[in-house]
Student: 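Starting off with a structure, shown below.
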Number of protein chains: 2
Amino acid sequence: METSSKRANRPAESPGFPPCEAESSDSCLGRERIDFPVAVVLPAGGSGERMGLPIPKQFCTFLDRPLISYTIQAFERVPWIENIIVVVAAEHLDLLKSIIHKHCHKKTKLVAGGPTRHRSIFNGLQVFVENGCDSQLPRPEVVIIHDAVRPFVEEEFLLKIATAAKQNGAAGAIRPLVSTVIATTPESYLDHSLDRARYRASEMPQGFLFDTIYQAYQQCSDYDFEYGTECLHLVLQYSGINAKLIEGPSSLWKVTYKRDLFAAESIIKENLSQKACVITGVHEEAIHLGHCLEKILVAGGMKVDIISTSCGDDGSFAKNVSESYNLIHITVSTACFPEIKHTVETVRKTDLPVLGPVVLIVVHLNLSECTSFSKRMDELVTIRGFAKEAKQWNILVYGLLLNYTKDKQKWNEALESFSCVAGTLIKDRKAALTGQLFVV
Amino acid sequence: METSSKRANRPAESPGFPPCEAESSDSCLGRERIDFPVAVVLPAGGSGERMGLPIPKQFCTFLDRPLISYTIQAFERVPWIENIIVVVAAEHLDLLKSIIHKHCHKKTKLVAGGPTRHRSIFNGLQVFVENGCDSQLPRPEVVIIHDAVRPFVEEEFLLKIATAAKQNGAAGAIRPLVSTVIATTPESYLDHSLDRARYRASEMPQGFLFDTIYQAYQQCSDYDFEYGTECLHLVLQYSGINAKLIEGPSSLWKVTYKRDLFAAESIIKENLSQKACVITGVHEEAIHLGHCLEKILVAGGMKVDIISTSCGDDGSFAKNVSESYNLIHITVSTACFPEIKHTVETVRKTDLPVLGPVVLIVVHLNLSECTSFSKRMDELVTIRGFAKEAKQWNILVYGLLLNYTKDKQKWNEALESFSCVAGTLIKDRKAALTGQLFVV
């Protein structure tokens, strides 16, 4: 077994994903510093009216998984967060229950929302204080409040907010203003523009000592509950606490407009495409091809593991497979289906497909230069039925036929073309193209 | 010749594109109302530092075309705009010259920028006033100032800004604030939050009577030139004009962060995918398939034209082909290459490939149920060389083999699968997958 790993340059705005990666690398970073109980309240009652969508935007799906599940997972994967309370409109409780079940969110609890955002948050907080109720959860010292439509929040920033909330009573994320802010007259003429340097956009997450925010809500007027937008403002007004403001990364943005759905989908796909696992088996040519491919993929910014083993029931095979949403399985024999099936079964047993579609590119390296395309194709057409079966488990199987040639220039061109096609399949993960056989 | 047309529901945020469509529909809407000369100044000197990119964001490419070209085209296609002055850093003059040449921007002129945004805009305005200079352009009555990185501005809104600028001396786009704006103390604590109802984000485009903005710039201090961000503010300060503020559509957003590049690419692709032209030839089965396909595509939100003619040198064939970035050419004979070549030649002669890649899906409807895949594949493998040639002209050719069956259920499944694959190829327009043969 040989495993080589190269960490590619991560793009500027690329939050930790997939969860398996985050947990294996730095997700324990808060364990030493967060020695107090932390919970999260996630109001998810928005209507999505700004996008003109028939469903609220938190339920829009990306790769067959709703936005809210991505946001929940951003907290689920943080070991020092104990409970996640999602507050949702009564008519969406069943929908959200099924989402939590399907995507295996284990720390998440649902609460019915109120008519406004503030009432919903207050409902969420009450889970920790109600008496005589079976469902009461242990009261946290710090509570983080976040938006259901900001799925890309990272553990590192949550740590900063939780720590500052513990020290100051309240803390909130801010970002520089993108546009100049201006005051308008009632007749829509310019009154004056603000000095951009003095102002910031208030974003989420925000963190609070639990007692501080809970007491502020207990003192709220009906007007506050109805028209207030800022928890930070309530804490200032009723507890006299000036929140500590922390500049957050641009990944805190809020999915607001239709273009944000596009951006979210692309980021999710990019995050799933950070790493590939190339399975070569023990055949010499396949191993050589695997290393050529590794070079090209790494140059393109991907992290690559190579498994050059026969994929018996080796535990480390399963471990390697379970660390990547992208598998490239190279075969030299067309009698390879048992091996491929074994790979698929291994993937099925991991948590991966529950959180996102796994791409499996079955590469047939055709060593016999004179074999006609058509014969190989007939043999590989069987991949279609196989792909159909795998698709129901959220595993996307594509076939790729690479014809070996001794002509060095042609071979390099074929490799280049191969990595372009493989890269496209990995980045786009289009379910519609599964079972197709690509030829390079 | 039969042409049927159905206008699909446009999504909420979908600016007019491609230009050929805009011109054929409503792009003359301003002709009656704009009876005064209008020019545009487009400062394009930004560095893209917020994205951490090696090149300024206006030069990032989407489908092999730089962002700045999309923004220029948004003005080029408006008939009542006479000149577009792009102000660019001296080191990018040659790059921009080649972009303008490659994408055939005809009303655009380049000017070297200054060290700040305001100096650059002023340089742009001076093109209309310098004396004794060969390159002097006729002075416009109204000048529109816009950002190079807001490519999706629509004619309808430009019309509003130009009209309001003529009436009021100055006009600017505003948008509601997405986040609460807060004032911070020097130590980064919350000072107070602003009342969101009184404030707006100031966006672009802005419009001015030429003399008003030019005189304001003539009076500017060095401090204004260095630190000022708002033209509206200068006009208020030096000409006493309170600009008229007009709420713009969300499509006015500015490409600022990396996620915005993703969003822009998706919107550009979506705009190119609004309409398809299905070429069936005269064969009965092909015509029938064309109509089945039309139904599915229209149900998916696409506008579809069907050309059921032999594609001789009919002028209306050329006209229909020139109105869509997506062609689906159905053939029943494998001896169809002359026809396909003719379609490609027709596309080459249009303006389409200069502004975006044209997708051509060559569908082979295999009527003989018993023919083996392999035989057809051998015949169709020739499509690969052909696709390679077409790609250099920005025409992306894909092959699609559809096997006819009398089993009604199987046939419906095949049609469904066909439209999924075709829809994916059209929406994604991946150059890496050209020349592939998809089988459904």
Side-chain angles (χ1 to χ4, degrees), chain A residues 11-13 51-52 172 174-175 177-185 188-191 193 196 198-203 229-230 232-233 236 242-246 250 253-254 256-260 262-263 266-267 372-375 377-378 381 420-421 423-424 428 430 432-433 436-439, chain B residues 11-13 51-52 172 174-175 177-185 188-191 193 196 198-203 229-230 232-233 236 242-246 250 253-254 256-260 262-263 266-267 372-375 377-378 381 420-421 423-424 428 430 432-433 436-439:
Chain A
E13 184 181 315
M51 285 195 274
I174 51 170
R175 290 278 306 154
L177 295 171
V178 170
S179 307
T180 302
V181 174
I182 55 182
T184 61
T185 67
S188 281
Y189 288 90
L190 174 66
D191 190 77
S193 29
R196 238 154 110 166
R198 264 206 77 204
Y199 294 90
R200 292 288 181 278
S202 173
E203 309 286 345
T229 51
E230 270 286 14
L232 297 186
H233 179 75
L236 177 60
N242 292 71
K244 177 72 180 173
L245 303 172
I246 305 176
S250 66
W253 62 287
K254 180 179 176 179
T256 308
Y257 298 109
K258 191 179 167 207
R259 65 172 184 267
D260 296 320
F262 288 138
S266 298
I267 292 172
S372 77
F373 272 6
S374 48
K375 190 169 168 298
M377 282 186 173
D378 278 346
V381 152
C420 279
V421 172
T424 297
D428 292 350
K430 288 291 173 185
L433 303 186
Q436 296 293 336
L437 178 69
F438 298 86
V439 183
Chain B
E13 185 179 314
M51 285 196 274
I174 51 170
R175 288 281 305 156
L177 295 171
V178 171
S179 307
T180 302
V181 173
I182 55 182
T184 62
T185 68
S188 279
Y189 288 90
L190 174 66
D191 191 77
S193 28
R196 237 154 112 167
R198 262 205 78 202
Y199 294 89
R200 293 286 180 280
S202 173
E203 309 288 344
T229 52
E230 270 288 15
L232 297 185
H233 179 75
L236 177 61
N242 292 71
K244 177 71 181 172
L245 302 173
I246 305 175
S250 65
W253 63 288
K254 181 178 175 180
T256 307
Y257 298 107
K258 192 180 167 209
R259 64 171 185 269
D260 297 320
F262 287 138
S266 297
I267 293 172
S372 78
F373 273 3
S374 48
K375 189 168 169 296
M377 282 184 173
D378 277 348
V381 152
C420 279
V421 172
T424 297
D428 292 351
K430 288 290 174 185
L433 303 186
Q436 295 294 337
L437 179 68
F438 298 84
V439 183

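None of the values given here were measured: they were computed from a predicted structure. Residue numbers start from 1 in every chain, and the chains themselves are labelled A, B, ... in the order their sequence lines are given, proteins ahead of strands.
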Student: Taking side-chain contact (heavy atoms from CB on, under 4.5 Å) as the test, write out the residues that go with B:Asp428, two or more places apart.
Tutor: A:Asp428, A:Lys430, B:Thr424, B:Lys430
Student: Counting heavy-atom pairs closer than 4.5 Å to chain B, which one of A:Gly172, A:Ala243, A:Cys420 comes out on top?
Tutor: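 Looking at each option in turn, the highest pair count goes to A:Ala243.
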Student: Taking atom types as modelled and ignoring hydrogens, do the side chains of B:Arg175 and B:Ser250 form a donor-acceptor contact shorter than 3.5 angstrom?
Tutor: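 No - no donor-acceptor pair under 3.5 Å links their side chains.
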Student: If you count heavy-atom pairs under 4.5 Å between each of B:Val181, B:Ile174, B:Ile182 and chain A, which one has the most?
Tutor: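 Looking at each option in turn, the highest pair count goes to B:Ile182.
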Student: Can you tell me which portion of B:Leu433 sits under 4.5 Å from chain A's heavy atoms? Options are side chain, backbone, both or neither.
Tutor: side chain
Student: So, using side-chain contact (heavy atoms from CB on, under 4.5 Å) as the criterion, who are the partners of A:Thr185 when residues are at least two apart?
Tutor: A:Glu187, A:Tyr189, A:Asp191
Student: Could you go through the side-chain hydrogen bond (donor to acceptor under 3.5 Å, both in side chains) check for A:Ser266 and B:Arg259 one step at a time?
Tutor: CA-CA 8 Å; A:Ser266 298; B:Arg259 64 171 185 269; over 6 Å; no
